[in-house]
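Just dropping this structure here.
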Amino acid sequence: MSDAVQCADGSSAAAPPIQADSVPYAVGCFLASIVLFAAMDTLIKFLAASFPVPQLMFVRSAVALLLIGGYALTRGGGVASMRTQRPLAHVWRAFAGLISMGCFFYAFKHLPLADVYVLNFAGPLFITALSAPLLGEKVGWRRWGAVVIGFGGVVVMAQPSSGAPTFPVLVGLCAALFYALSLLTVRGLSKTETATSIVVYLLLTTTVVSGALSIPVWLAPTATEFALMAAVGALGAVAQVLITQAFRRAPPAVVAPFEYTGMVWASLFGYLVFGDLPTPPVIAGAMVIIGSGLYILHRETAAAKRSSAV
């Protein structure tokens with residue numbers, strides 16, 4: 001779901017000039033990527049009922065690495081595009097991405113799809129909250145207020161007083177936290193590193209580490225089950241390409257709000273495949289979190305315009 005946004009944020013390739021007719025194309029690519037990610041997450045939840053999380057992470061990462069890495073190295077600059085000036089930053093970014101992926105997979109196994117998507121929407125709140133201490137960016141009181149209100153929506157969704165198990169919710173929040181840390185690292189990496197190196201080093205790390213973790217718990221899949229696992233990686237790879245195209249053809253402020261359409265697809269797929277429907281607290285929490293995220297996006301866009309005008 002979120003790793004494609006990391007790819008887009010980390011792209012250092014020169015984007016083509018933004019034209020009026022490119023915006024519908026960009027929005028279309030972004031919407032298509034959201035549908036593919038929702039389908040991928042549905043398969044992850046389906047397979048997680050029978051297979052350990054490390055095994056699913058390994059197949060997903062390995063397939064994506066073969067597809068994206070192969071394409072990037074043959075048509076995206078070759079080996080030269082993999083040169084790096086900041087190897088330790090790549091290690092930290094990969095570490096954060098690995099934890100985020102593992103936590104998301106665990107959350108998919110134990111929570112309805114829509115619930116996990118609501119928790120994922122907390123990622124922009126974490127990014128805003130952490131950008132001040134980690135990057136020294138100025139965050140005004142309005143955005144801080146939106147962060148506090150947004151996390152209030154998480155509390156509403158989690159219903160801590162209802163007696164429901166909260167551990168999967170906390171794991172989902174942990175996934176959103178490390179997703180935010182990964183994106184903040186990409187902001188710094190994109191100044192000196194190529195998009196190819198940022199993406200491929202992440203996939204390479206997750207493949208190696210999850211592969212090692214999956215050895216003691218590996219369960220032999222049938223041909224059909226392995227095909228579904230491979231489809232997870234293929235869907236993620238194609239969605240990653242689409243979302244990168246979207247961010248190259250239109251400003252992030254134009255396409256980013258459409259990420260919340262994922263809630264619709266998660267609810268639809270969750271109902272059709274698993275019979276899950278979002279509960280009223282989840283819907284209420286989602287509305288609060290989405291509203292806070294859109295307000296933060298609005299304020300950051302306004303601040304960027306003021307900075308560019310100076």
Side-chain angles (χ1 to χ4, degrees), residues 1-45 59-77 81 97 100-101 104 108 113 116-117 120-121 123-124 179 182-183 186-187 189-190 194-203 206-207 228-269 293 297:
M1 81 178 7
S2 51
D3 54 346
V5 178
Q6 295 170 13
C7 175
D9 285 351
S11 178
S12 59
I18 296 172
Q19 301 175 357
D21 59 353
S22 69
V23 172
Y25 172 82
V27 172
C29 287
F30 195 81
L31 289 174
S33 73
I34 297 301
V35 176
L36 293 181
F37 273 121
M40 181 192 76
D41 296 335
T42 303
L43 284 178
I44 291 171
K45 180 173 178 60
V59 178
R60 184 257 189 271
S61 299
V63 172
L65 177 62
L66 289 174
L67 294 177
I68 294 178
Y71 177 85
L73 290 176
T74 57
R75 302 186 62 181
S81 65
S100 177
M101 182 187 297
F104 272 127
F108 281 129
L113 277 176
V116 181
Y117 268 62
N120 179 59
F121 293 154
Y179 159 65
S182 179
L183 278 185
V186 168
R187 285 190 183 181
L189 281 171
S190 60
T194 65
T196 298
S197 65
I198 292 174
V199 175
V200 173
Y201 284 136
L202 170 67
L203 291 174
T206 55
T207 299
L228 291 176
M229 291 182 189
V232 169
L235 286 170
V238 174
Q240 213 164 18
V241 172
L242 287 173
I243 207 168
T244 302
Q245 284 296 311
F247 276 81
R248 281 173 52 82
R249 294 298 187 94
V254 172
V255 296
F258 289 96
E259 183 176 2
Y260 295 115
T261 60
M263 182 69 182
V264 176
W265 293 107
S267 300
L268 178 61
F269 292 159
L297 178 63

**Q.** With sequence neighbours excluded, residues passing side chain to side chain contact (heavy atoms under 4.5 Å, CB included) with A62
**A.**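 With sequence neighbours excluded, A62 shows a side chain to side chain contact (heavy atoms under 4.5 Å, CB included) to F58, T207, given in chain and number order.
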(Q) Please give me the minimum heavy-atom distance between L297 and P257, naming the atom from each residue. (A)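 Scanning both residues, the minimum pair turns out to be CD2-CG, 3.3 Å.
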Q. What are the two closest non-hydrogen atoms of F37 and A239, and how far apart are they?
A.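 F37 and A239 have their closest heavy atoms at CE1-CB, 3.4 Å.
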Q: Drop me the distance from K45's NZ to L113's CG, to the nearest 0.5 angstrom.
A: 6.0 Å
Q. Any side-chain heavy atom of D41 sitting closer than 4.5 Å to one from V116?
A. no
Q: For L203 and S61, work out which heavy atoms get closest and say how close.
A: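 Answer, listing the atom of L203 first, then S61: O-CB, 4.3 Å.
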Q. Who are the side chain to side chain contact (heavy atoms under 4.5 Å, CB included) partners of L268, not counting sequence neighbours?
A.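 Testing L268 for side chain to side chain contact (heavy atoms under 4.5 Å, CB included), a comparison that skips the adjacent residues, returns W265, L272.
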(Q) Between V59 and V232, is there a side-chain heavy-atom distance shorter than 4.5 Å? (A) no
(Q) For Q245 versus Y25, what's the shortest heavy-atom pair and its separation? (A)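 Where Q245 meets Y25 most closely, the heavy atoms are OE1-OH, 4.0 Å.
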Q) What distance separates L235 CG from L228 CG, expressed to the nearest 0.5 Å? A) 10.0 Å
Q: State, to 0.1 Å, how close C29 and A246 come at their nearest heavy-atom pair, and which atoms those are.
A: CB-CB, 4.1 Å
**Q.** Flag, side chain of S33 to backbone of F30, donor-acceptor distance under 3.5 Å
**A.**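 Yes, S33 side chain to F30 backbone: donor-acceptor pair under 3.5 Å.
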Q: Output the distance between atom CG (L183) and atom CG (L189), rounded to the nearest 0.5 Å.
A: 11.5 Å
Q. What pairs with S267 under side chain to side chain contact (heavy atoms under 4.5 Å, CB included), at least two apart in sequence or on another chain?
A. A114, M263, P278
Q) Excluding sequence neighbours, so at least two apart, what forms side chain to side chain contact (heavy atoms under 4.5 Å, CB included) with L67? A) V63, A234, A237
Q. Quick one: CG on L31 to OG1 on T261, what's the gap to the nearest 0.5 Å?
A. 5.5 Å
Q: For residues A38 and Y117, report the shortest heavy-atom separation together with the two atoms involved.
A: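 Where A38 meets Y117 most closely, the heavy atoms are CA-OH, 3.2 Å.
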**Q.** Spacing of OG belonging to S182 relative to CD1 belonging to I198, to within rounding of 0.5 Å
**A.**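 Interatomic distance, S182 OG to I198 CD1, rounded to 0.5 Å: 10.0 Å.
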Q. Which value, rounded to the nearest 0.5 Å, describes the distance between F108 atom CZ and L43 atom CG?
A. 11.0 Å
Q.
Between E259 and P124, is there a side-chain heavy-atom distance shorter than 4.5 Å?
A. no
